[in-house]
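Numbering of ligands and ligand atoms starts at 1, following listing order.
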Amino acid sequence: MTEAELQALSGRLKPLPRHVGIIMDGNGRYATRRGLPRSMGHRAGTERLRGIIRLSSDLGIEALSLYAFSTENWKRPKPEVDTLFSIFMEYFIKEVDALHKNNVAIRAMGDIEALPEKVCRECLAAMEKTGSNTGLKLNIGLNYGGRAETLHAVKSIAGDIISGKLNIEDIDEGSMMQRLYTSGLPDVDLVIRTGGEKRLSNFMLLQSAYAELIFTDTLWPDFSDECYIAALEEFAHRNRRYGGLEGK
Ligand code: IPE
Ligand code: IPE
Ligand code: MG
């Protein structure tokens, strides 16, 4: 896309969400429908990341949160879980330099310590390398669950109270939100879920309190740049009231 085309596009998509969350669902069905093993669907899904991240960054979206592996996905057969982890590791190894060149800051969202050591190490290396970049903030939900995240925040607040660092009266919504993995980021404005299911599956429950929700039947590996643009356009036309009467 030329600079002029990009300008025209971002004009058309105003107001843009500051923070987009994507539940990248449907990889397994994409593969099964083609008579392929589910792992091929996960690989095809990874191929879509480059375009969606690039477009988010070019449009000037501040933060993109991607749901890659939930705290509930451990229930899947071990071979599938292992394949997912090797795909994540390959992804970090292959893509981090390009993301770094694009000024993208990578952050893992979730309990990555519980992942296989090699995956955790690559993930930390990616965060370290790109951490001070000032462009798109890319949060990757790895072993992420909204409830586990909330529990982690509650424990950290309780610990600070016991040690005398914090008074109960000083806990407010802002300081509570700062204990989440998304500390310092704006609330999620738009959640997109591909793959046809109409649920959140434990994704960013607190950050999405007032997010607009878009559910599409398109399976994640088929979710093209055009599909993403269509979702952003739909968001631009939504009337957000936040409980008041005036839309904006
Ligand atoms: C999403 O695709 C990827 C992960 C949950 C890791 P699925 O693997 O859930 O694909 P479907 O829903 O079975 O098609
Ligand atoms: C949500 O998809 C998790 C990710 C996309 C990583 P799932 O396929 O795990 O969700 P359910 O089981 O259909 O709710
Ligand atoms: Mg699924």
Side-chain angles (χ1 to χ4, degrees), residues 19-53 56 63-92 94-95 106-116 118-120 122-123 126 138-152 180-182 188 190-208 211-224 227-228 231:
H19 188 166
V20 178
I22 307 185
I23 305 173
M24 308 181 292
D25 196 20
N27 293 348
R29 277 162 287 166
Y30 173 91
T32 307
R33 282 178 198 173
R34 287 168 172 73
L36 298 168
R38 290 176 58 85
S39 59
M40 296 303 282
H42 295 310
R43 290 200 182 277
T46 316
E47 290 303 315
R48 271 286 63 231
L49 292 173
R50 205 173 301 124
I52 299 296
I53 294 169
S56 305
L64 176 65
S65 294
L66 300 174
Y67 208 5
F69 189 86
S70 77
T71 45
E72 288 71 37
N73 287 147
W74 292 102
K75 292 178 192 159
R76 295 186 179 200
K78 187 167 182 316
E80 175 163 348
V81 172
D82 288 346
T83 307
L84 278 165
F85 291 148
S86 36
I87 292 173
F88 298 151
M89 217 172 67
E90 276 169 40
Y91 177 77
F92 282 124
K94 211 167 105 204
E95 296 291 330
I106 301 171
R107 201 195 278 189
M109 191 169 64
D111 179 11
I112 56 166
E113 308 255 305
L115 299 178
K118 279 197 278 187
V119 185
C120 180
E122 287 305 331
C123 184
L138 178 65
N139 298 312
I140 307 184
L142 278 174
N143 195 17
Y144 174 83
R147 285 194 178 175
E149 177 183 41
T150 308
L151 181 64
H152 179 262
L180 304 180
Y181 294 118
T182 45
V188 174
L190 169 63
V191 172
I192 300 169
R193 181 172 188 143
T194 62
E197 312 297 353
K198 291 174 186 64
R199 53 179 170 256
L200 292 174
S201 302
N202 208 4
F203 182 63
M204 303 187 85
L205 302 178
L206 293 179
Q207 298 91 333
S208 298
E212 295 298 320
L213 309 177
I214 292 183
F215 299 101
T216 167
D217 288 338
T218 306
L219 305 174
W220 172 250
D222 289 326
F223 191 73
S224 61
C227 295
Y228 188 32

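Taking every heavy atom of His42 and a limit of under 4.0 angstrom, the matching atoms of ligand 1 come to 3 (C), 8 (O).
For the residue pair Ser201 and Tyr67, no side-chain donor N or O sits within less than 3.5 Å of a side-chain acceptor on the partner.
Between Phe88 and Leu115, every side-chain heavy-atom pair lies at or beyond the 4.5 Å cut-off. Put simply, the side chain of Ser208 reaches to within 4.5 Å of the side chain of Val191, judged on heavy atoms. For the pair Arg193 and Met24, the minimum side-chain heavy-atom distance is 4.5 Å or more.
Taking the six-membered ring wherever Trp is involved, the centroid distance between the rings of Phe85 and Trp74 falls below 6.0 Å.
Nearest heavy atoms, Ile23 versus Leu200: CD1-O, 3.6 Å. The two residues Leu142 and Cys123 make their nearest non-hydrogen contact at CD1-SG, 4.0 Å. In this structure, Leu64 and His19 approach most closely via the heavy-atom pair N-CD2, 4.3 Å.
Under a cutoff of 6.0 Å and an axis angle of 45°, Arg34 and Tyr30 form a cation-pi pair.
Closer than 2.8 Å to the Mg ion (ligand 3) sit the protein N, O or S atoms Asp25 OD1.
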List of N/O pairs, ligand 2 versus protein, all under 3.5 Å?
unit_1: ligand 2; atom_1: 8 (O); unit_2: Asp25; atom_2: OD1; d: 3.2
unit_1: ligand 2; atom_1: 8 (O); unit_2: Arg76; atom_2: NH2; d: 3.2
unit_1: ligand 2; atom_1: 9 (O); unit_2: Asn73; atom_2: ND2; d: 2.9
unit_1: ligand 2; atom_1: 9 (O); unit_2: Arg76; atom_2: NH2; d: 3.4
unit_1: ligand 2; atom_1: 10 (O); unit_2: Arg193; atom_2: NH2; d: 3.3
unit_1: ligand 2; atom_1: 10 (O); unit_2: Ser201; atom_2: OG; d: 3.4
unit_1: ligand 2; atom_1: 13 (O); unit_2: Arg199; atom_2: NH2; d: 2.8
unit_1: ligand 2; atom_1: 14 (O); unit_2: Arg199; atom_2: NE; d: 2.9
unit_1: ligand 2; atom_1: 14 (O); unit_2: Ser201; atom_2: OG; d: 2.6

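Summarising the local packing, CE of Met40 is surrounded by 12 or fewer heavy atoms from other residues, nucleotides or ligands at distances under 6.0 Å.
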